[in-house]
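Just the heavy atoms: all of them, side chains too, but no hydrogens, waters or symmetry mates, feed the values below. Naming convention: chains lettered A, B, ... in sequence-line order (proteins, then strands); numbering from 1 in each chain.
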Protein chains: 2
Amino acid sequence: MLPEEILTNDHEQLARFAKALGHPVRVYIMELLSNQTCCFSGDLAEDLPIARSTLSQHLKELKAAGLIQGTIEAPKIRYCINRENWEKATRLFGQLFQSTPKINDECK
Amino acid sequence: MLPEEILTNDHEQLARFAKALGHPVRVYIMELLSNQTCCFSGDLAEDLPIARSTLSQHLKELKAAGLIQGTIEAPKIRYCINRENWEKATRLFGQLFQSTPKINDECK
DNA sequence: AATATATTTCGTATTTTTGCGAAATATGAA
DNA sequence: TTCATATTTCGCAAAAATACGAAATATATT
């Protein structure tokens with residue numbers, strides 16, 4: 001038996017996903033990608049008030065967290081959601097938010 | 001009419017919540033608080049492998065994001081979830097994750 | 001008032017994040 | 001091969017996050 005870990009892999013994984021979503025631009029991108037299958041970096045760059053290199057970094061971070069993936073469609077790159085991890089994130093966040101905390105008078 | 005904002009208040013708010021959840025210790029705390037109504041900082045400090053001052057900072061951050069609130073119960077402090085904002089977070093994350101992205105062959 | 005307990009704030013150091021423009025890379029078209 | 005387009009990486013700077021121990025604060029108890 002392993003020693004009881006307080007901080008589990010799920011905690012770590014959820015924190016990683018949450019951190020990746022911890023910037024409005026990245027929330028915007030994930031929202032977009034979860035509604036319309038894919039998009040090009042250029043389309044985002046036109047809408048968003050940030051430099052292309054900055055956008056690129058945000059995309060990189062989402063990719064590092066496993067939330068998106070890119071496929072070359074020269075000369076562009078098509079970005080899509082990583083369905084498997086998105087579902088994992090859906091499950092983990094869903095778990096966290098599933099239980100409505102009980103009302104507690106001491107805490108007004 | 002205001003100019004169409006790309007990054008909305010909801011994006012900002014969700015990012016703020018996500019950022020607050022972007023650390024395993026804070027995920028652990030919120031998970032705990034969403035299951036059992038309240039807890040004391042000391043109880044957390046005993047379980048978690050971090051200094052009390054570090055824990056205090058994490059709690060402060062969760063409080064700043066509006067996810068928890070503390071009430072003095074001297075000499076301890078009882079921390080509880082902020083139900084209103086937790087529900088807001090539940091709604092915002094729920095919205096983000098509600099739509100399962102369509103399968104897309106180009107993105108294997 | 002003095003003591004003990006619980007927690008936070010302060011000061012500091014290190015690491016990470018965020019952002020930009022310039023330069024580099026990759027690829028299709030001429 | 002050269003040119004044009006799309007995107008990323010690099011180099012830098014500024015800001016924020018993370019962590020710790022020591023000191024400060026707050027409050028109940030003696």
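- Taking atom CG of residue B/L59 and atom C1' of nucleotide C/dT8, one finds them 10 Å apart after rounding to whole Å.
- In this structure, A/K60 places its NZ atom 13 Å from P of C/dT18, rounding to the nearest Å.
- Screening B/L62, B/L67, B/I68 against B/L33 for a side-chain contact (heavy atoms from CB on, under 4.5 Å) leaves a single residue, B/I68.
- In terms of position on DNA chain C, the residue among A/A51 and B/I77 whose nearest nucleotide sits closer to the 5' end is B/I77.
- Close to D/dA17, at under 4.0 Å from its OP1 or OP2, lies no side-chain N or O of A/K19.
- Among the heavy atoms of the strands lying under 4.0 Å from A/Q57 is at least one base atom, whether or not backbone atoms are also near.
- At D/dA19, none of the side-chain N or O atoms of B/T54 fall inside 4.0 Å of OP1 or OP2 (strictly under the cut-off).
- Of the candidate nucleotides D/dT18, C/dT18, C/dT8, C/dT8 has the atom nearest to the side chain of B/R52.
- Rounded to an integer number of Å, the gap from A/K63 NZ to D/dT8 P is 6 Å.
- You'll find that the side chain of A/H58 is closest to C/dG19, out of C/dT18, C/dG19, C/dC20.
- In the set D/dT7, D/dC20, D/dT9, the nucleotide with an atom closest to the side chain of B/I50 is D/dC20.
- In this entry the distance linking CG of A/L48 with P of C/dT18 reads 15 Å, nearest Å.
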Q | Evaluation steps, salt bridge (Lys or Arg N to Asp or Glu O under 4.0 Å), between B/E87 and B/R91 | A | CA-CA 6 Å; B/E87 274 158 30; B/R91 186 175 57 75; over 6 Å; no

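- The side chain of A/K76 lies closest to D/dA6 when the candidates are D/dA6, C/dT8, C/dT27.
- Summarising the geometry, the separation between CG on B/L7 and P on C/dG19 is reported as 10 Å, rounded to the nearest angstrom.
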Q | Derivation of the salt bridge (Lys or Arg N to Asp or Glu O under 4.0 Å) call for A/K88 and A/E84 | A | CA-CA 6 Å; A/K88 190 189 276 183; A/E84 187 184 329; 5.8 Å; no

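- For A/I72, taking side-chain heavy atoms from C-beta onward, the closest of the listed nucleotides D/dT27, C/dT27, C/dT8 is C/dT27.
- In this structure, B/R16 places its CZ atom 12 Å from P of D/dA17, rounding to the nearest Å.
- The shortest side-chain heavy-atom distance between B/L59 and B/L44 falls under the 4.5 Å cut-off.
- At least one side-chain nitrogen or oxygen of A/R26 sits closer than 4.0 Å to the OP1 or OP2 atom of C/dT18.
- Residue A/R78 contributes atom CZ, which lies 22 Å from atom P of C/dA26 at whole-angstrom precision.
- Per the geometry, CD belonging to B/E73 stands 12 Å off P belonging to D/dT29, to the nearest Å.
- Aromatic ring pairs are classed by plane angle as parallel below 30°, tilted from 30° to 60° and perpendicular above 60°; the pair A/F97 and B/W86 is tilted.
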